[in-house]
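A short worksheet on the structure shown next.
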There are 2 protein chains.
Amino acid sequence: MSKHNIRLKDIAKELGLSVPSVSRALNNKPDISESTKKKVFELAEKLHYQRNEFAVNFKNQQSFIIGVIIPQIVHHFFSNVINGIITEAEKAGYGIMLYQSNESYQSELRGVQTFQRSMIDGLIISLSDSTTNVDHLRSLQNHNVPVVMIDKVSNALETAKIICDDFKGAFEATEHLVQIGKTKIAHITGSLEPHTTKERYRGYKAALKQHNLELKDQFIKKCNLVSQDDGFNATLELMKQHDKPNAIFCATDPAAIGAIKALKKLNIKIPEDVAVMGFSDWNMSSVIDPPLSSVIQPDQEMGKKAVQLIINEIELSKQNKPVQYKTHVMETSLILRESTLGNKNE
Amino acid sequence: MSKHNIRLKDIAKELGLSVPSVSRALNNKPDISESTKKKVFELAEKLHYQRNEFAVNFKNQQSFIIGVIIPQIVHHFFSNVINGIITEAEKAGYGIMLYQSNESYQSELRGVQTFQRSMIDGLIISLSDSTTNVDHLRSLQNHNVPVVMIDKVSNALETAKIICDDFKGAFEATEHLVQIGKTKIAHITGSLEPHTTKERYRGYKAALKQHNLELKDQFIKKCNLVSQDDGFNATLELMKQHDKPNAIFCATDPAAIGAIKALKKLNIKIPEDVAVMGFSDWNMSSVIDPPLSSVIQPDQEMGKKAVQLIINEIELSKQNKPVQYKTHVMETSLILRESTLGNKNE
DNA sequence: GTGAAAGCGCTAACAC
DNA sequence: GTGTTAGCGCTTTCAC
């Protein structure tokens, strides 16, 4: 109910001290006597003194806030990235401001502007699919706000980048399909705009080549969002063809789930007739019947790494030291379930 | 690369004006001539002037940041709530700081402290299951930071509250099971600690009573987390009994998915032998086979409403006007799928 | 319409 | 060890 928050001045007046002395005491500075320190602490406690962080932030020109822009929160991969970011940031005493671009460049731009207003110390961003211009990020950098890109990155800007090895993940996924005896492997992919989808496509092609399998145009289905509906429709088309695949590697889990639904509708056995492989391991993937094999991305670890990098840059920037930008590639791993292995209990 | 951000002083010096005049011009104050206003705007533009928000926030003692604490981001309901919060906050020019408690009171406490450091203008919180003491929130209120509670609320604190009508949702869900001809309806519930679970249990009981169905102890399964595993095990136990239910209403969707998996393992037909109903409509619920009937909560709307309420309180608080705390109850609705309706195509 | 002066709360630099 | 002075960048009040 204390309408008026108490200030150092109030404590100083009550104890007959000067304001700086009270400040020194509360900040545990060396040049202050133990006795006054004790007095100050006790009174501060009693009055429920709370530092006015507006003043401190203003003085230091630092907010201890990291901005985070991602395309969609309601997305298994990104919620986990955010999870990792928050966990790691808290350890270092930083807070997280969150914004979602909804895959819109305009929205991403507004996010950056909102953040500038809040004077974030650094930005972690996963670009929207529609972002081609990165001037908004360059502007942040010019104002000494470090930027770290994660997952969906751009080469148009020099920053630290964190990606996972989409190429290798896709390669291994495709190779797994070969190893279970599949030779006619289709791929459902996206618009190839984001770097990630393109890399998965590259990995798929490389694995086919490695195992001397022909790359057939009619086995490649490009769709827009790589959503469940896209996967469903693409699979129906694939199975309508004369030359049918006996395995489908999908660039996303939702598409793979659509594929499974389509195959079930057509009464095609999974994985005996057609095996299905996804990418990203959404939590719904273990729920579908049959459970979906997929490629696990180190989502939380990517978030944590991003925080470590950005805090490092913030520190260096404060000291006017130069920063070296690296691209960090994180390893994926396969999670194998019944959509490729079959049910061993039956 | 302008190491040194430019200030009003710089513009003033260059134009031979005083600092306050430049300030007036940039803020479109009335008592400034059009000609100087124009000159100032042009130079500001040219120099890429950006207001130092640290100074402004300090002066106004306002951050335009709303803190949000929720138990878990990686949770369909909460990601959607956050989605609504961010969307609505952006409209009003507010940013969102996010923290997750992981259902831990200690963690929730740290979140509040982190937020105090960042001088949030208001807090939207969904309490952790383990929170019984609300002094940390009361402390915020005492420092003039409005608090709005959402979904998981406490009566120990006077604030605006947003909940959805869990009682009615559960009532209607249970009634739907009656309407499809089920008379022996089991309920899988939680520790009854959070208000929400308790209300769902109440709704279940009320619907049974309304339809003159007996409430049997052996049809009530209490579990800890109401997770998929919990639902799976509880269902196995239910179906092991002599007196078996022919419908199961689960307090959460994950539990319902566990229930479906258990029933399928036992080769029990859904919904002919046992119908299954969930609560919350997770995105995986439409993916499972058979697709799960559930209760839809207006998650995004709840988030938006929370932002409207908190901003209103922030405004009133600035003007030292009193706030009236209300509890807003939002309506749920049923989404009916094959786990209760059966497959009409077969 | 414009400038001079003051102050938001805190801390660093300088005296003594 | 402690007090005095000054300043972070901006806006508001009061002169003229």
Side-chain angles (χ1 to χ4, degrees), chain A residues 2-41 43-44 47-64 116-119 121 143-145 318-319, chain B residues 2-41 43-44 47-64 116-119 121 143-145 318-319:
Chain A
S2 52
K3 184 91 292 159
H4 190 59
N5 283 337
I6 53 156
R7 300 147 301 175
L8 292 188
K9 194 200 269 184
D10 302 316
I11 297 180
K13 193 185 284 176
E14 183 132 354
L15 293 177
L17 286 166
S18 72
V19 170
S21 289
V22 177
S23 168
R24 283 188 273 253
L26 288 172
N27 289 311
N28 268 312
K29 297 282 170 174
D31 52 353
I32 190 87
S33 79
E34 280 304 323
S35 64
T36 54
K37 197 186 279 188
K38 185 153 172 285
K39 276 194 300 184
V40 169
F41 264 101
L43 185 57
L47 298 177
H48 298 109
Y49 170 76
Q50 283 207 251
R51 213 161 67 138
N52 185 320
E53 304 286 344
F54 282 122
V56 179
N57 290 349
F58 171 50
K59 188 113 223 302
N60 301 334
Q61 294 288 307
Q62 182 170 12
S63 62
F64 286 96
Q116 259 168 344
R117 173 177 211 181
S118 302
M119 292 276 129
D121 289 344
H143 285 272
N144 280 312
V145 178
K318 267 199 299 191
Q319 302 161 38
Chain B
S2 54
K3 184 94 288 160
H4 190 60
N5 285 336
I6 54 156
R7 301 148 299 173
L8 293 188
K9 194 199 274 185
D10 303 317
I11 298 181
K13 193 183 285 175
E14 183 132 355
L15 293 177
L17 286 166
S18 72
V19 171
S21 289
V22 177
S23 168
R24 282 188 274 254
L26 287 171
N27 289 310
N28 268 314
K29 297 281 170 176
D31 50 354
I32 190 88
S33 80
E34 280 303 323
S35 64
T36 54
K37 196 186 279 188
K38 184 154 171 285
K39 276 192 300 183
V40 169
F41 265 101
L43 185 57
L47 299 177
H48 298 109
Y49 171 74
Q50 281 206 253
R51 212 161 66 138
N52 185 319
E53 303 286 344
F54 282 123
V56 180
N57 291 350
F58 172 51
K59 189 108 224 304
N60 300 335
Q61 294 288 308
Q62 183 170 9
S63 61
F64 286 96
Q116 260 168 344
R117 173 178 210 180
S118 303
M119 292 276 130
D121 288 345
H143 285 271
N144 281 314
V145 178
K318 266 199 298 194
Q319 303 161 38

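Below, chain A is the first sequence line, B the second, and so on; all start at residue 1. The shown structure was predicted, so the numbers you read here are calculated from the model rather than taken from an experiment.
Taking side-chain N and O atoms only, B:Thr36 has no distance below 4.0 Å to OP1 or OP2 of C:dG1. One finds no side-chain N or O of A:Tyr49 lying less than 4.0 angstrom from the OP1 or OP2 phosphate oxygen of C:dG9. The phosphate of D:dT2 (OP1 or OP2) has a side-chain N or O of A:Ser33 nearer than 4.0 angstrom. Taking side-chain N and O atoms only, A:Ser21 has a distance below 4.0 Å to OP1 or OP2 of D:dG3.
Side-chain atoms of B:Asn27 do not come within 3.5 Å of backbone N or O of B:Lys29 as any donor-acceptor pair.
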Check the interface with nucleotides 12-16 of chain D: list each N/O to N/O pair with the protein under 3.5 Å, or write none.
unit_1, atom_1, unit_2, atom_2, d
D:dT12, OP2, B:Lys29, NZ, 3.4

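In this view, A:Arg24 satisfies the side chain to side chain donor-acceptor pair (under 3.5 Å) rule with no residue, not counting sequence neighbours.
Under 4.0 Å is where a charged nitrogen must lie from a carboxylate oxygen, and between A:Lys13 and A:Asp10 no such pair does.
The residue among B:Ala55 and B:Gly16 whose nearest nucleotide of DNA chain C lies closer to the 5′ end is B:Gly16.
In this structure, the CG atom of B:Asn28 is 12 Å from the P atom of D:dT11, given to the nearest Å. As rounded to whole Å, 14 Å separates atom P of D:dG9 from atom CD of B:Glu53. Look at CG on B:Asp10: it is 9 Å from P on D:dG9, rounded to the nearest Å. Protein atom CD1 of B:Ile32 is 8 Å distant from nucleotide atom P of C:dG3, rounded to whole Å. Note: CG (A:Asn57) to P (C:dT11) measures 11 Å, nearest angstrom. For the pair B:Glu34 CD and C:dT2 P, the computed distance is 10 Å after rounding to whole Å. Atom NZ in A:Lys9 sits roughly 16 Å away from atom P in D:dG3 (whole-Å rounding). When rounded to the nearest whole Å, the span between CE of A:Met119 and C1' of D:dC8 equals 13 Å.
In this structure, the nucleotide among D:dG3, D:dC10, C:dC10 sitting nearest to the side chain of B:Arg7 is D:dC10. The side chain of A:Phe58 approaches D:dG9 more closely than any other nucleotide in the set D:dT11, D:dT2, D:dG9. Taking only side-chain atoms of B:Asn27, from C-beta outward, the nucleotide of D:dT11, D:dC10, C:dG1 with the closest atom is D:dT11. Distances from the side chain of A:Leu8 to the nucleotides C:dT11, D:dG3, C:dT2 place C:dT11 closest.
From B:Lys39, atom NZ reaches atom CG of B:Leu17 across 5.5 Å, with rounding to the nearest 0.5 Å.
Residue A:Leu47 comes nearest to A:Ile11 through the heavy atom pair CD1-CG1, 4.3 Å, listed as atom of the first residue, atom of the second, then distance. Nearest heavy-atom pair, A:Gln62 versus A:Asn57, reported as atom, atom and distance to 0.1 Å: O-OD1, 3.1 Å.
The environment of NZ in B:Lys9 is sparse: at most 12 heavy-atom neighbours from other residues, nucleotides or ligands sit within 6.0 Å.
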